[in-house]
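Structure record follows, encoded as structure tokens.
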Number of protein chains: 2
Amino acid sequence: MKLTTKGRYAVMAMADLASYSRDKPVSLSEISARQNISIAYLEQLFLRLKNKKLVKSLRGSRGGYVLDKPAAEIKLSNIFYAVNEEIKTLNCKKDSKRGCNNKSVKCITHDLWDDLENHINDFFDKIKLADLTRKKNEK
Amino acid sequence: MKLTTKGRYAVMAMADLASYSRDKPVSLSEISARQNISIAYLEQLFLRLKNKKLVKSLRGSRGGYVLDKPAAEIKLSNIFYAVNEEIKTLNCKKDSKRGCNNKSVKCITHDLWDDLENHINDFFDKIKLADLTRKKNEK
DNA sequence: TTAAACCTTAGCAATTTACTAGGAATTGTA
DNA sequence: TACAATTCCTAGTAAATTGCTAAGGTTTAA
């Protein structure tokens, strides 16, 4: 069970954006340099973040990205969802009451995996982007 | 972020064992039939479960496996650890205070991933094998 | 006009996953 | 004693996923 770079980098990039775009847009090359993520890869992530209205882009020279809403209103779960970092603990359908493993009864541990999924999702729902930068500034 | 079959199947198989080995050892072919997991794959998992002393084997005809300790004393985290289902949220070293992403400073979100990892591990530490079978019998 | 940026799709190498194969060793039972 | 049922063990491998890179387009400030 491991986090993929998509989710990890997306959160890192958004945290970077939240820290550095106080007055001006931040370009991907800046984020790339600070976070050590290739520009091409960042482009892919920001495409999705923009589609989900988490960031706004400013094209052209001196362009870049800014947050599309206050950092306090962006949940980490929003970011994960945007870049398709899915939390999957089951191979059977999440809400199916039956039909796991091609059997007619729900698998023994079905509820367990559901619980775990909720547990992880709760974690990401509770934490806002603002919480990350605040934490950083406190140090 | 998803659970692999190793961890999922290992827990399912152990839950099956806990439910059905009251008086006699349970063979992998029985578990295979009930849980719909191939015998060859179960063999691999039980090799590790045995090495970590979570199950005991009885070889030969009519052989099989039994739990090596009461179901109430087996944590899910023990099972996960046995089959190498690792919870990994970082690519940098867990306890390193510096050095993420080839930089000299800790990455912004390092603590976040640590927290998530602990959050998930706590979940598996709290739940015992006995909790799963109890839940099942209540229904 | 030019350079710096974003935008978009395609593709691909490396790794990981989820198994399967094949055979050896052990032991209850007919 | 033969044999069938079982565990034990090591390799190998097809498919899927991951983590990128490539290439070229569009937009805009200076």
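Order of the sequence lines fixes the chain letters, A, B, ..., with proteins taken first and strands second; residue numbering starts at 1 for each chain. Basis for what follows: all heavy atoms, side chains included, without hydrogens, waters or symmetry-related copies.
Residues in residues 67-89 of chain A take part in these salt bridge (charged side-chain N to carboxylate O under 4.0 Å, His left out) pairs, two or more places apart or across chains: A/Lys56-A/Asp68.
B/Asp16 contributes no side-chain N or O that, together with a main-chain N or O of B/Met12, makes up a donor-acceptor pair within less than 3.5 Å. No donor-acceptor pair closer than 3.5 Å links the side chain of A/Asp122 to the backbone N or O of A/His119.
Protein chain B touches strand DNA chain C; the 5'-most and 3'-most nucleotides with an atom under 4.0 angstrom of its non-hydrogen atoms are C/dT17 to C/dG28.
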Distances under 3.5 Å between nitrogen or oxygen atoms of protein and nucleotides 14-19 of chain D:
{"from": "D/dG19", "atom 1": "OP2", "to": "A/Thr5", "atom 2": "N", "distance (Å)": "2.8"}
{"from": "D/dG19", "atom 1": "OP2", "to": "A/Thr5", "atom 2": "OG1", "distance (Å)": "3.0"}
{"from": "D/dG19", "atom 1": "O5'", "to": "A/Thr5", "atom 2": "OG1", "distance (Å)": "3.4"}

N/O-N/O pairs, protein side and nucleotides 26-28 of chain D side, under 3.5 Å:
{"from": "D/dT26", "atom 1": "O2", "to": "A/Arg59", "atom 2": "NH2", "distance (Å)": "2.8"}
{"from": "D/dT27", "atom 1": "O4'", "to": "A/Arg59", "atom 2": "NH2", "distance (Å)": "3.4"}
{"from": "D/dT27", "atom 1": "O2", "to": "A/Gly60", "atom 2": "N", "distance (Å)": "3.4"}
{"from": "D/dT28", "atom 1": "O2", "to": "A/Ser61", "atom 2": "N", "distance (Å)": "3.3"}

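Each end of the helix from C/dT1-D/dA30 to C/dA30-D/dT1 gets its own axis from five base pairs, and the two axes differ in direction by 0°, given to 10 degrees.
If A/Arg62 and A/Glu43 are placed on DNA chain C by their nearest nucleotide, the residue sitting closer to the 5' end is A/Arg62.
In this structure, A/Tyr65 reaches the sugar-phosphate backbone alone: every heavy-atom distance under 4.0 Å involves primed, P, OP1 or OP2 atoms, never a base.
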Show which side-chain atoms of residues 57-64 of chain A pair as donor or acceptor with protein atoms under 3.5 Å away, not counting sequence neighbours.
none

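The separation between B/Arg48 atom CZ and D/dT7 atom P is 18 Å, rounded to whole Å.
Under 3.5 Å, the side chain of A/Gln44 and the base of D/dT21 form at least one donor-acceptor pair of N or O atoms.
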